[in-house]
**Student:** 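Attaching a single structure in structure tokens format; questions to follow.
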Amino acid sequence: MQHVLARSARFFRVAAGRVLAASALPSLLTTWATSAHGQSITRVDLATVTQDPPMIVLLVGILAGAVIAGVIAAFLRQRQGSATRSLQAELRTLSEERDRFRADTQRHEAELGLTRDKLTSLGRERDQYRRLLNAAPFAAWRRDLAGDMIWRNATLISLLGEDGNHEEIASKSDSKRSQALIAKARDEEAIAGEERRFVVDGQRRVFQVLETPLLSEDESAGFAIDTSDSDELRRELRRNIRANNEVLEHMSTAVGIYDRDKRLIFANRAFTQFWGLEDEFVGHQPTLGEVMDRLHQSRKLPEQVEYRQFRRNREAFFSTLLEPFEDLYQLPDERMVRETITRHSFGGLLFMVEDATDRIVLERTLNTLIAVQRATLDNLHEAVAVFGPDGRLNLTNVGFREMLGVPTEVTDNNPHVRELADSVLEFWGNPQKFTDNRDRMIASATEMRSGTGRMELPDGRIVDYAATGLPDAKTLFTYIDVTDSLRIERALRERNEALVAADLIKSEFLENMSYELRTPLNTILGFAEILHNDYFGTLNDRQREYSSGILEASGQFLSMINDMLDLASIQAGHLHVDEEPFQVADAVDAVLERHQDRANRRQISLRVEISPGLTEMNSDQRRLEQILGNLISNAVKFTPPGGEVVIAASMVNGLAEISVDDNGIGIPVEEQEHVFETFRTSDRHTRRGAGLGLALVRSLMDLMGGSVELASESGVGTKVTCRFPGVGGAALPNTGPGGTAAIALNPDGLREPGQTSEV
């Protein structure tokens, strides 16, 4: 049909071409027509066609026929393509089904082979399990739904015997026992077991018989394990536990054992007494938490901010404790408790508690003593070393290591004296002198004998050493570096010799100068007295004033020269004390007479207070007057106008006590320790003296066997007290009042701590 339509289309196309060609219009209009095998082009002139109606009709008919024929041909071609594609799809589907069928066939063949192999393997595995159960050291069997044995392994057959007198591991008189165990396992759907005793080869054995629930719809299994040895071990274990508990019961240490359920299964008497627990409470096997709550309520546990957390931490030990745990704490009653918690061999925990109060005190005391000993040794000036009887160094201090140049790494390892000697010699460069004496030094460390000596180290230091045997057969060596001491001793000896020589020269110089100065001074005094007494004519007021000034200055100069001469004589040992009885009031009046005029000029009052108990003294009156004169002179000099000076004398504790007290400017604390030094003056006053007065007072009091004491406060005044011994005078102690500076001098003239100075 398609072929016919194609030929018709070609016919109409040719006819149309001829008509158009006859009309001579091929070059005016162009149109396109499509055929089954290709394309052709025909040109038509529209103007010519529109002028010829029949031609138009013919042309339209031809064109319509061509179009209809083309449409029909295209439709037929489409139908033919769809049928072809459908046929091809069916062919492909059939091919895929064929391939799947082939694959399924191959898979089924492989599965069938695997099934055959698995059946073969299961058969071998069944035989292996049978051989395994027959070789097992325990009895095994299978039962049917009625509970009868349908299979026994070799072990069960050997236990029951070949004669078949027994079918169960049980007594024939108790045959219902086996059925009851089987029923129990099947009812509870769990393995049920019990212990049975059975005679095997004439011996009574213990078996643990186990029955299982149904393994399939009509079968079950059972086992019997010979536990005779385990039963014997359990009985032995129970005996050991009883023996162990008996031992723990008599221990002084408190012991408590908790099982894995945290229950107190054992507590010895020391445990219950230590914690104060009742036997009834312990007999109920309380848990650890209950025990701790009981102790917490009775305040027998250490005070805790979070008690619940403390209890949880203790209870957590049941699952976390791997190594023994030790805790030291103090109870509210001030007892120190050492508690040790460790794993128990049966599961659970074992608590051991002991009162460590005495032990802690002893340990603290011992540690304190050791620390004090170590600190003492390390702070000693001497170097210390202790050698044991085996020749090893047991103890040293810092001084020893520094003196010998031994590092800490060597001494900390307790070296033998031979190793120590080699280390020291190597540090010093192996000097020949010490290398030759090496063996002797090593032997001396192991010989337990006492002795002292002196040696010179290679670096020139001189060391004194001493060896002392200790009660534990060890030897203590002490070393002290005396190099500086010897040098200082030598220098001090030379300096002392130079000072003695210089002091003698000074004393001779002062003595000679004093004598040389007295001659012209006496001449000045004599001529001044002549002029002042009007021996060669009357002087006017101004001349008399000048002559009086000359006399006063000359008198002060003579007094200063006498003081210098007395000091020089005392230091040279030429001055002596002449003891004889005299009236104290006479001596005081004589001194006041010499200083009254000067005090009046400075508007200072002098007041005397003499106790009735002190009217007479047995001493050197001249030296006493000299002492009082110097003290009153200083008091008048440093007391402002309008002030007062009090001279007091009394008997105190059997001693004559004479004091001079003023309300002058006083002496600062920082100057009080120098007031009795020779030529010591102060810059606080415009009228500075020579610094001999108080120095002479001290020297004279030393010479007379008495003591002098100074108490002063800046801006308040100064009090100097002299204490004289009785007949056969003895040295007096320093009895200075509290809160003031005190100066006490012994008979030898040595200054004691606290001595101060005077201006």
Side-chain angles (χ1 to χ4, degrees), residues 562-563 566-567 569-570 575-596 599 606-636 644-662 675-676 693-712 717-738 740-752 754-756 758:
N562 290 333
D563 290 344
D566 289 340
L567 278 174
S569 300
I570 292 173
L575 190 65
H576 301 283
V577 176
D578 298 327
E579 294 184 355
E580 59 181 1
F582 64 91
Q583 295 295 320
V584 176
D586 295 341
V588 173
D589 291 342
V591 176
L592 289 178
E593 185 177 354
R594 292 196 296 270
H595 294 276
Q596 188 66 54
L606 300 177
R607 181 162 56 89
V608 179
E609 296 179 354
I610 300 177
S611 173
L614 181 62
T615 58
E616 186 178 277
M617 287 181 59
N618 184 25
S619 186
D620 193 328
Q621 181 177 354
R622 178 171 175 272
R623 299 305 173 191
L624 174 62
E625 292 178 359
Q626 191 174 4
I627 291 172
L628 287 176
N630 283 320
L631 294 178
I632 295 174
S633 176
N634 273 348
V636 172
E644 182 183 42
V645 177
V646 180
I647 301 95
S650 61
M651 289 292 295
V652 179
N653 296 328
L655 302 176
E657 187 175 284
I658 300 177
S659 63
V660 176
D661 188 4
D662 64 68
V675 293
F676 286 98
L694 290 180
L696 181 61
V697 169
R698 185 190 66 177
S699 299
L700 290 176
M701 290 301 298
D702 290 344
L703 188 64
M704 299 172 68
S707 66
V708 60
E709 176 184 299
L710 181 140
S712 180
T718 302
K719 180 179 181 180
V720 181
T721 303
C722 298
R723 296 184 179 88
F724 298 87
V727 179
L732 301 177
N734 181 2
T735 57
T740 59
I743 298 87
L745 304 174
N746 58 30
D748 298 329
L750 298 178
R751 302 177 59 197
E752 299 180 355
Q755 251 179 346
T756 57
E758 167 61 45

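For reference, positions follow the sequence shown, starting with 1.
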**Student:** Suppose we screen for side-chain hydrogen bond (donor to acceptor under 3.5 Å, both in side chains). Which residues come up paired with Thr721, at least two apart in sequence or across chains?
**Tutor:**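 Applying side-chain hydrogen bond (donor to acceptor under 3.5 Å, both in side chains) to Thr721 gives none.
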**Student:** Is any side-chain heavy atom of Ile627 closer than 4.5 Å to a side-chain heavy atom of Cys722?
**Tutor:**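 A side-chain contact under 4.5 Å exists here.
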**Student:** Please list all pairs passing the side-chain hydrogen bond (donor to acceptor under 3.5 Å, both in side chains) test where one or both residues lie in residues 606-615, with sequence neighbours left out.
**Tutor:**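 Matches after skipping sequence neighbours: Arg607-Glu609, Arg607-Glu644.
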**Student:** Checking Glu616 now: which residues fulfil salt bridge (Lys or Arg N to Asp or Glu O under 4.0 Å) with it, not counting sequence neighbours?
**Tutor:**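 Salt bridge (Lys or Arg N to Asp or Glu O under 4.0 Å) check on Glu616 returns nothing, list empty.
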**Student:** Does a side-chain heavy-atom distance below 4.5 Å link Phe724 with Met701?
**Tutor:**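 Answer yes - side chains close enough.
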**Student:** Are any non-hydrogen side-chain atoms of Ile658 and Met617 less than 4.5 angstrom apart?
**Tutor:**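 Result yes, sub-4.5 Å side-chain heavy-atom pair found.
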**Student:** I'd like to check Ser619 versus Met704 (side-chain heavy atoms, cut-off strictly below 4.5 Å). Are they in contact?
**Tutor:**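 Side-chain contact under 4.5 Å: yes.
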**Student:** Test of understanding: with side chain to side chain contact (heavy atoms under 4.5 Å, CB included), list the residues that count as partners of Gln596, not counting sequence neighbours.
**Tutor:**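 With neighbours one apart ignored, the set is Asn600, Leu606.
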**Student:** How many angstroms lie between CG in Asp589 and CZ in Arg594, if you round to the nearest 0.5 Å?
**Tutor:**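 One gets 11.5 Å once the value is rounded to the nearest 0.5 Å.
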**Student:** Going by side chain to side chain contact (heavy atoms under 4.5 Å, CB included), name the residues that satisfy it together with Ala635, two or more places apart in sequence or in a different chain.
**Tutor:**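 Listed in chain order: Val645, Val660, Asp662.
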**Student:** Ala587: what forms a side chain to side chain contact (heavy atoms under 4.5 Å, CB included) with it, not counting sequence neighbours?
**Tutor:**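 Partners of Ala587 by the side chain to side chain contact (heavy atoms under 4.5 Å, CB included) criterion, ordered by chain and then number, come out as Phe582, Gln621, Leu624, Glu625.
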**Student:** Is the closest side-chain heavy-atom distance between Val636 and Asn634 below 4.5 Å?
**Tutor:**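 No - every pair of side-chain heavy atoms lies 4.5 Å or more apart.
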